[in-house]
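As structure tokens, the structure follows; a few thoughts come after it.
Positions are given from 1, in the same order as the sequence printed here.
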Amino acid sequence: MTQMNGAVEVANKNIKKILRKMVDNYKQLHEKILFALLGYRTTIRTSTMETPYLLVYGTEVVILTEVEIPSLRIIQEAELSDAEWIRSRYEKLALIDGIRMNAMCHSQIYQNRMARAFNKKVRSRQFTPGKLVLKWIFPHQDEAKGKFLPNWKGPYMVHRVLIGGALILAEMD
């Protein structure tokens, strides 16, 4: 569930970025939001190497420019009879599972690459009972009062080291 919330937050952040580039003031927001959503849904994602539209509908979107000035794809589809168009559409839909599986593989490779890049920057530290440490105060904690106050609290003494690197801290006194 948390991965889904994270994905929604990322999508919302990207849509907000697109809208910021398109809108001068918020009065134009309702006019531009459909174009921003179309742009987001039809842009190839780095993680899957596919567009979200293709992964949902099994075909690439026909943009308005292609209707006005027909592209090769539109011309070829217009020359098909109804039966041939239905057959070609059915063949495309039959391939959608393979496309989705390929996108999932790309996504896993991308996540592994991102994890490796992140883990390169992480330094492993060994803590032993009795060692002195400082406790980091995260911005969302109640202890974080203002931007000019320290980001840490302590010192504390390591009382016990748990599996996975978690620590039980004790006050100095």
Side-chain angles (χ1 to χ4, degrees), residues 1-123 136-152:
M1 188 68 174
T2 57
Q3 275 187 328
M4 184 61 140
N5 290 341
V8 170
E9 289 175 15
V10 169
N12 288 343
K13 179 182 71 170
N14 290 334
I15 292 168
K16 283 169 57 176
K17 278 184 189 176
I18 294 168
L19 282 171
R20 265 191 229 114
K21 292 176 183 177
M22 296 173 66
V23 175
D24 294 330
N25 57 31
Y26 288 105
K27 293 177 183 174
Q28 300 173 338
L29 188 65
H30 68 283
E31 298 169 1
K32 304 288 185 175
I33 189 128
L34 292 176
F35 296 109
L37 288 171
L38 178 70
Y40 179 77
R41 292 173 185 152
T42 59
T43 303
I44 294 175
R45 301 280 152 254
T46 305
S47 59
T48 61
M49 302 304 283
E50 299 292 346
T51 67
Y53 192 92
L54 175 76
L55 293 175
V56 172
Y57 299 110
T59 186
E60 287 295 343
V61 69
V62 177
I63 59 175
L64 296 174
T65 308
E66 286 183 293
V67 174
E68 291 295 320
I69 307 167
S71 67
L72 180 60
R73 174 175 64 142
I74 300 300
I75 292 170
Q76 287 174 339
E77 284 185 4
E79 293 176 356
L80 296 176
S81 68
D82 288 344
E84 289 173 328
W85 184 85
I86 290 170
R87 186 184 49 75
S88 71
R89 181 74 180 123
Y90 183 76
E91 288 172 359
K92 285 181 187 176
L93 288 175
L95 296 174
I96 190 65
D97 287 334
I99 292 171
R100 288 177 181 157
M101 189 63 80
N102 194 16
M104 193 181 330
C105 291
H106 278 289
S107 178
Q108 288 175 340
I109 291 168
Y110 180 77
Q111 286 177 356
N112 290 340
R113 192 170 57 218
M114 289 286 135
R116 272 195 312 275
F118 176 79
N119 290 336
K120 280 182 185 176
K121 296 179 183 180
V122 175
R123 287 184 285 152
W136 186 262
I137 301 172
F138 292 102
H140 64 276
Q141 289 177 318
D142 293 335
E143 300 166 359
K145 300 289 184 201
K147 74 180 190 181
F148 296 114
L149 293 177
N151 296 333
W152 48 270

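Although no hydrogens or angles enter the test, the distance criterion places a donor-acceptor pair under 3.5 Å between the side chain of Asn119 and the main chain of Ala115. Arg100 places a side-chain N or O within donor-acceptor distance of the main-chain N or O of Leu55, the cut-off being under 3.5 Å. A donor-acceptor distance shorter than 3.5 angstrom exists from the side chain of Glu84 to the backbone of Ser81, with no hydrogens or angles considered.
Residue Tyr53 forms a side chain to side chain contact (heavy atoms under 4.5 Å, CB included) with just one option from Val61, Leu38, Thr43, and that option is Val61. Of the candidates Ile18, Thr42, Ile15, Leu37 forms a side chain to side chain contact (heavy atoms under 4.5 Å, CB included) with just one, namely Ile15.
The shortest side-chain heavy-atom distance between Asn151 and Ile137 does not fall under the 4.5 Å cut-off.
Between His106 atom NE2 and Arg113 atom CZ the span is 10.0 Å, to the nearest 0.5 Å. Taking CE of Met114 as the reference point, atom OG1 of Thr46 lies at 8.5 Å (rounded to 0.5 Å). From Leu54, atom CG reaches atom CD1 of Ile99 across 5.0 Å, with rounding to the nearest 0.5 Å. Between Asp82 atom CG and Arg87 atom CZ the span is 13.0 Å, to the nearest 0.5 Å. Taking CD from Glu91 and CD1 from Ile96, the interatomic distance works out to 14.5 Å, rounded to the nearest 0.5 Å. From Leu19, atom CG reaches atom CG of Asn12 across 10.5 Å, with rounding to the nearest 0.5 Å.
Contact detail for Gly58 and Lys92: the closest heavy-atom pair is O-CB, 4.1 Å. The two residues Arg41 and Pro52 come nearest to each other via the heavy atoms O-CD, 3.3 Å.
Both the sub-6.0 Å distance and the 45° axial angle are satisfied by Arg45 relative to the ring of Tyr40.
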I would like to know whether Glu50 and Ile44 meet side-chain contact (heavy atoms from CB on, under 4.5 Å); could you show each step before the answer?
CA-CA 5 Å; Glu50 299 292 346; Ile44 294 175; 5.9 Å; no
